[in-house]
Structures are given as C-alpha cells and as structure tokens.
Amino acid sequence: MNYKLLHIFRNTPFGRETFLQSLYFCKTINAYPVVYIPKSDKFLLYFSNDAVQVDLDHSYLNMPETAKERVEQLFEEVGLKPRYYEPKNYTASTLPDISTNFDYLCSPRSVSDLSSKIGLGHIGPKVRRIIKHATFPVLITSPVFKSWKSISVFFGGSENAMNALTLGLKTAMASGLPLNIYTLLEKKGEQDYRELIKKNNLESLVNQYSQQWYFYNKPEFETMLYEVPHDSLIVLGAYGHGVIKEILLGSKMERIQSTMTNNLLVTGPHCKISLQ
Amino acid sequence: MFIIKNRYITIYHRLFHLDDRLLLIVAGSIAGICSGLAAVALRLSLESVLEWLHPLRHYWWAFTLPAIGALLSSLYLEKITREGAGHGVPEVIYSVSRYGGLLRFRSSYSRLISSFLTIGSGGSAGPEAPVVMSGSAIGSNIAKFLGLNDRQRITLVGCGTAGAIASIFNAPIAGLVFSIEVLLGEWKFVNIIPIAIAAVAGAQVSQAIIPEQVLFIHQPFDIMFADIPASLGLAILTALVSVLFTKSLRQVGNLAKKNSLPLWGRAIIGGSCVGLIGISMPLVLGEGYHFIQSMISETFSMGIFLTFVAIFAKIFATAMTLGWGGSGGIFAPCLLIGSLTGIVFHKTLLLFFPSVGCASQGAYALLGMTGLISGVMQAPLTGIFLIVEITGGYEAILPLILVSSISSTMSQYLEPASFYFKELMERGQFMRPGTDARILSDLSLKELIDINYVKVSENMVFRDFINILKRSEQNLFPVIEDETRVYKGVIQISVIRKYALDPDMYDMVFLNQIMDTEVITVSLEDDLQDVLDMMDSHNMDNIPVVENERFIGMIAKTKILDLYRRELIVQTDIK
C-alpha cells in the first residue's frame, strides 16, 4: 500500500502516546506516517466546501528543539523511515495551510476533548467539521497507546456505513486482522442488511474477511458497545444524516465516541473509500 | 418530514437550478444586506465610542487610550479568535485566488470587533478593510451554506465586499468597482450583475438605518482651465506620498516583526506612540472622517506648514497602529492623507500663483483622495468612482481621471506591487484569474498522472525487456525492486538503443545495469509550476512521480498542456 497518514506531533508524553498509536496504525495497515511539527498554534485545512481552522494548545509548541529528535527516535523504534510535512502556503504569516491530500489524518486530540479523561470524551466542533468535510478517514486515537487485535465495524446500513464497512474490509485486508460487524436492528431485519451487502457487491469479501456479524435489537445499544472488544479498532461512518435529524436525534457516532475507549477510524459523508 | 424535504428540493431546483444567475442575485443581495448591516454597525459604534471618549482626550493620560485599545484588540485577536492582526484584505485575495473564496466564519465578525477596539480608542486606521473582510466572509459562508461551487462562492465574496464598501460610503458603484478591481481581478458579466445588486442593497441598508448621516457632504465646485495642468502636479505629488505611505507601512511592520516582544507588548508601544502624536495633532486619531469632511467643506483651518507635517504624522501613526499589533485598514488613512496632500498642494499653488483661477480647496482635497487611493491600492477606477459618488456629479471627472491614472501609473513604476498585493507577491501567491500561475494552481497532480505505466523489474534480463518493448508504446519504463516494490530508476529508450541494436547483449545485460538512476522525480506534494520548471530545466517530456519510494505514475508535458488548455477555457469562458 502507498497510503499516508498525517500526524500532528505534540512534544509531550501525551503526544507520544498518540504518535505511537499513529505509528502502530501505519505499521499494521502498511501505510506510512507523515509528521507535521507545528511552528504556530493554529493551521488551516481547506476542504472543497469549508475552511477549518484547527487551534492547537501551546503544548504542541513545547520544546521545539527536541521535537524532531524525539519523532525520529519513535520512528526508529518501530522501524519506519521519518517523513515530515512542511507547509508550503500560508493564509497569513502565522497561519499555514495544511494539505488535505492525505489518505488518513490522525486527529489532534486537543481539539476533540480534554486529555484528562480516560475515555475518548465528547467530540469537539472542530473534529466534527474535519470529519464532515474530509475526503479521508480520521483516526481518533485512545489517550494511551494500545495495540488492537481486531477490527470492529459498526454497520447501520446507510451509505456512510457502507463506506465504513468498505474501509473496515480494506483495513482487514491490509492488516490481516479479523473483522467483526456490529449492527443495531432499527427498522430493518437481519436479512435486509445481508441483501444490502449483496447489492453493493461486498458479500464475498464480507464472507471472506469477517469473523462474525453480530445483530442487536434497538434497546441493546449499550450491550452492543460493551461487547465490542476493548482492543479492537472501531470503524464507523459519521454525520451521514441531515442537520435537523442530527440535532433532534443526536449523532450515533458521538454516542459511541463518548462511551468507548477504543481507537476510532471515522469516515465522513465526503469520504469515498475504494477497495482498489 | 420526507414530504417537506422533497418539496424544498423541488422548489429549490425549480427556482435556482434552472438559472444560475437568479440564485447568485438572490444570494448576493442577502450577502450585500448582511455586509451592509455589519458596516453600519461598525460605523455607528465607532461614532458612539469616539464621541464618548472625546471629553477624556483633554487629560494628560489620554495618550494611553490608543494603547489600551490596541492591547485589547491584539489580545482579542490572538487569544479569543486566534487570528492575525492587520487588515485582512490580502487574506481575502489569497482565498479567492487559491481556494475559491473559502473563508472562515469567524472572519465575519472578528475584525469588526478588533478594529472597533483599535479605532474607537484612537488608533490610526480605517474601518473599511475590516468590513471588507467581514462582508467577504459573510458572502463565503452564505455560499457554503447553500453548497455553491467555487465560482459562485467567489461571486458571493465579491457581493459581500461590494455591499460593505457601498454601505460605509453610500457609494454602490465604488463598492462594485472595488470588489472587482481589487479583490476578484476579473470583469465578467456573470459577476457584475449580482455584485452590482449587492452593492445597491448594501447602500440601501445604510440609507435606511442612518439616512441623515451621509459620510461626506459635498459642496458643488467649478473646475477651471488651470486645474487641468495643476492636476498633473497633484498626481505626481500624490504618487510620491502613496509610495512613501506604502513603504512606511511595510518597513514599520517589518521592524515590529523583528522585535521579540509579544504581540500585546508591541500593540501597547504602537498605541502609545499614536496617543502621544495625537496630543499635539488630534487629526491622526481614529479614522479621521470628521477632518476629511472639514477639508471637503472648506472649514479646515490648519496652516500650510502644519498640514504638511500632518501628512507625515498620519503616515507614521497609521504605520505604528497597523504594523505594531492594531487592527484596521488603510482606506480611511488614505482618504485623510490624500485630502491633506490636496490641501497642501492647493495652498502652495495659491502661494506661488495668487491670482490663478482654480477650483476650491475642497475640490483639491477630493482630488488628493483619488490620487492616494489610486496610488496606494493601484486601483484607479475605485478612486475615480468613489469621488464621483461622493461629489454626486461628473464636473470633476477630467481632473479625477488625470490624477487617478497618473498617480497609479507612477506609483506602480516606483513600487510595482500595491499595498494589498505586495505581501502575496512576495510569497509568490498572487494569482489573478486567467494567469499561468492561477491555472496551474487549479490543476492537481493527481489528475495529471498516468498510472497505467508498465513497470519492469531491476533483475529482468534485457531479452525479456525487449519482448515487453515490442508490445508497448512507452518511451520510459520505471524500474522497481522485486520484493519491496521500491522505485530504483528508469529505462529510457533513447539511452538503451545501443543494447537494443546488438542481439548478443540480450542475455548478458540486466536492467539494473543499464537503468538511469539519476532521473529527477517529483512527489504528489509538489506544485505543478515546480514540476513544469523541473521538466524544462532537465529537458524532460515525462517525469516520474515517486511517493514513499514507490512509483506512482508518470506526468507527461502533453497532458499538462491539454489540461491547461481546458482549464483556461473554463476560467476565461473562451471556446
């Protein structure tokens, strides 16, 4: 594979954990990480229909003289070649434009929530906007490094969920790790979901790579979350519904995000995953 | 819910998707109204705070007021909205030229508040650039909400700008011209109508809310024969002052950047300097509209020497405000410096030729304003139409055109980039529509790469390669390592001809012995302009794209030219 993940490095023990997680992710799926060591506390991501300013906290600018050395040390530990990203364009002198020409982005944790929590916590508006507009999946790492031994896809049948399933399959194929699918039965039955997979020509791949497909009834949502192994990479689609529905019903992704401690790989509505 | 959604989609498609122009006109008017409201809000709040602070100006400590304002403004921008100081117009131009006018929502209010703090406390700056920034961001975010494409979004950015300028000066044509001349850089029929309507909407908002408060009340004046040659002299003088003003702003700003003080510290120093100058020369404080009005209406009583000194004081005060951490624009300072220059010129003219029959002092103040706007912004039409609209007539059109065109031409000769464009030009990011740089920046390397290239193994024997060659039309063959798939080099047909013509060599040579490892490669992150430069300097027609040591594909010069042509057609509407 020739996929690249952008990681925004924070030169703190907490930043090391998220970077280790990015390195592990890349090593497992055979992608390569590209590290951006920020020189200012903000940057801009220009998507096709939005410009998202990511405001970093000052810990990202911590000890700039040792940042590169530490990054290289961690690269060396996992046996990967260091690669760096240097912004070429600047919207303002202290506001670099970061390319969105990546295959994955590791979300800078400080924009999603306070680092003091054990769980992933509530997602912040910036990460939400990144996911909504990104054409690539966003990796939201657990606060402390943990390796994962399986891939769990939350599949609800929507177009976005189909994307997530494709991404889960792609990750399973690249990593060789077992894939499990979790579906909460809402309006449809088990057979409907299987038909949906068939219609999208994913049946044979699902049969080949998935270990188990679990179905739960609507009230069993919390049970479903508990039964997902703690050492599994969760893959899910987010923000596929309209604004009104999201305000009224809330985002399922955010409910999962605020409950789980796993690493999350999220695909947004503009993210198109191809198995090629 | 489903029925409502379907009805909405049907109405939306029937109304707007049939005619793209209707959508732009409706959205543009909304942008014009919103930006007009923003401009009125800033103007009224500035008037109130300046009036409220006026009695305090007599105290000895009054010099600290601009420092406090600049401090609050810099803290607000740096800590709360996390934006840079300054006026923001280059940011809008940059966004229009590179990212289809995408602007952050926070820009629609951040500069309004920061410039209110800076100017309201007495900082020497104008409110026009902040309202331009705000109007542009409003237009951009309306386009984002409606899910419009890049070209439509750029038009709405122009609509927001036009509405803001039209509202603040009550001059819709000046708003339209400024938006197209300075921001968009292209006069297209599809842009002009929505922007014109937005400008009118902006001006109407201003008239509806504050009908009695026309910014500049003009006096009718007569232009005489002597004013024509005098205009030439004034044009030269305003060009020189424009260049001095532009250079001072840049140099004072650069000096501040070299300083290790935090932004708020610099803002205090800059604000204090302005406050100190303001004690002896109050006209440097704030946006200066009141003094401009007194010069136009000929109630300005300062002597020639003091007026001359005031030009430099205002230039220095503006440079200290904007360069050292304050927030605001240069439009109002240009108007004030221009009118001061006009007054100095008029007084000098009368000093040397007391009996000459020429127009009034107010007329020269207006001509000076045109000269400065045209010189500093290098936007002659904006200068002409702004004054035409302020004076409400075409009596002065001939000297206006003379002053404006000579001043902009001469200042462009002395200082090739206008104040708004200079920073972008230095960064190599000034890209006007239809230019090479803009077209190339709109093409991505990904759409140019030919990924269907046959790759060959470095351990392949030459005979096998000849068999591949017979079936292929490629002139270049990327060579990769068997196990790791790492890119090693290329086989160039022109180079290996001698082996191909000698069948005895077919089983003796391996590709890793004859491949060219020195061929320059590019990555997906490279700019197309750089790729083209590399191809030109190395005389290459095809260049390999290598990422993470893997061969991705090949870029051909013919493909670049083909896509360049298509993009040019899209950007210029030439078929």
Side-chain angles (χ1 to χ4, degrees), chain A residues 1-6 26 30-34 36 40-58 80-81 83-103 125-126 129 132-133 135 241-245 248-249 270 276, chain B residues 1 4-5 8 77-86 88 90-92 94-95 98-107 137 140-141 143-150 153 253 257 263 423-424 426-429 441 444-446 451 485 523-527 530 546-552:
Chain A
M1 268 203 253
N2 204 28
Y3 298 119
K4 50 184 175 177
L5 173 141
L6 176 68
C26 289
N30 199 17
Y32 68 97
V34 178
Y36 169 52
S40 67
D41 60 356
K42 49 189 175 282
F43 62 83
L44 266 176
L45 289 167
Y46 282 100
F47 296 108
S48 61
N49 194 33
D50 199 5
V52 180
Q53 181 173 326
V54 178
D55 298 317
L56 304 168
D57 62 53
H58 275 281
L80 288 171
K81 194 178 163 189
R83 285 184 179 82
Y84 297 98
Y85 177 78
E86 280 302 327
K88 284 182 180 168
N89 300 316
Y90 286 78
T91 294
S93 57
T94 54
L95 189 57
D97 309 344
I98 300 296
S99 167
T100 48
N101 192 16
F102 286 93
D103 301 294
K126 296 281 169 49
R129 276 174 67 200
K132 275 185 180 173
H133 294 281
T135 48
H241 302 297
V243 183
I244 297 168
K245 199 169 176 187
L248 293 176
L249 307 175
H270 290 96
Q276 286 181 340
Chain B
M1 184 69 93
I4 296 171
K5 193 179 171 185
Y8 165 74
L77 277 181
E78 199 179 33
K79 306 288 178 197
I80 298 173
T81 59
R82 304 187 81 165
E83 286 199 286
E91 204 174 310
V92 180
Y94 171 75
S95 149
R98 192 172 264 276
Y99 297 111
L102 275 176
L103 289 161
R104 291 155 292 162
F105 178 72
R106 66 179 78 176
S107 301
S140 173
N141 281 278
K144 191 165 76 184
F145 178 75
L146 295 173
L148 305 184
N149 63 31
D150 283 9
R153 194 187 304 116
K257 280 178 196 159
L263 185 66
E423 194 186 322
L424 293 172
E426 280 175 356
R427 295 193 331 227
Q429 289 170 340
S441 81
S444 88
L445 278 193
K446 274 191 176 166
I451 52 168
R485 317 289 291 167
S523 87
L524 289 170
E525 286 303 310
D526 286 320
D527 284 334
D530 298 337
V546 176
E547 194 81 4
N548 189 29
E549 299 179 349
R550 307 289 196 281
F551 175 79
I552 305 289

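Chain identifiers are assigned alphabetically (A, B, ...) following the order of the sequence lines, protein sequences preceding nucleic acid strands; residue numbering begins at 1 within each chain. Nothing here was measured: the structure is a model prediction, and the numbers come from that model.
- R82(B) has its side chain out of reach of T94(A): every pair of non-hydrogen atoms, C-beta onward, lies at least 4.5 Å apart.
- The line from CG of D150(B) to OG of S48(A) is 8.0 Å long, rounded to the nearest 0.5 Å.
- The pair K88(A)-D526(B) meets the salt-bridge criterion, since a charged nitrogen lies less than 4.0 angstrom from a carboxylate oxygen.
- Only the side chain of I552(B) comes within contact range of chain A, with heavy atoms under 4.5 Å apart.
- Considering only heavy atoms from C-beta on, T91(A) stays 4.5 Å or farther from R98(B) through its side chain.
- No more than 12 heavy atoms of other residues, nucleotides or ligands sit less than 6.0 Å from atom CZ of F145(B).
- Looking at every heavy atom in both residues, L95(A) comes nearest to R104(B) through CD2-NH1, 3.4 Å.
- The two atoms that bring L524(B) and N101(A) nearest to each other are O-ND2, 3.8 Å, heavy atoms only.
- Of all the listed residues (E549(B), E423(B), R106(B)), the one sharing the greatest number of non-hydrogen pairs under 4.5 Å with chain A is R106(B).
- Here E547(B) is the residue among E547(B), E91(B), R153(B) with the most heavy-atom pairs under 4.5 Å with chain A.
- With sequence neighbours excluded, no residue satisfies side chain to side chain donor-acceptor pair (under 3.5 Å) with D527(B).
- In this structure, the portion of T81(B) lying under 4.5 Å from any heavy atom of chain A is its backbone and not its side chain.
- Looking at F47(A), the atoms closer than 4.5 Å to chain B (heavy atoms on both sides) all sit in the backbone: N, CA, C or O.
- The CG atom of L102(B) lies 6.5 Å from the CG atom of N49(A); values are rounded to the nearest 0.5 Å.
- Residues forming a ring-ring contact (aromatic ring centres under 6.0 Å, His included) with Y99(B) (at least two apart in sequence, or on another chain): Y46(A), Y94(B).
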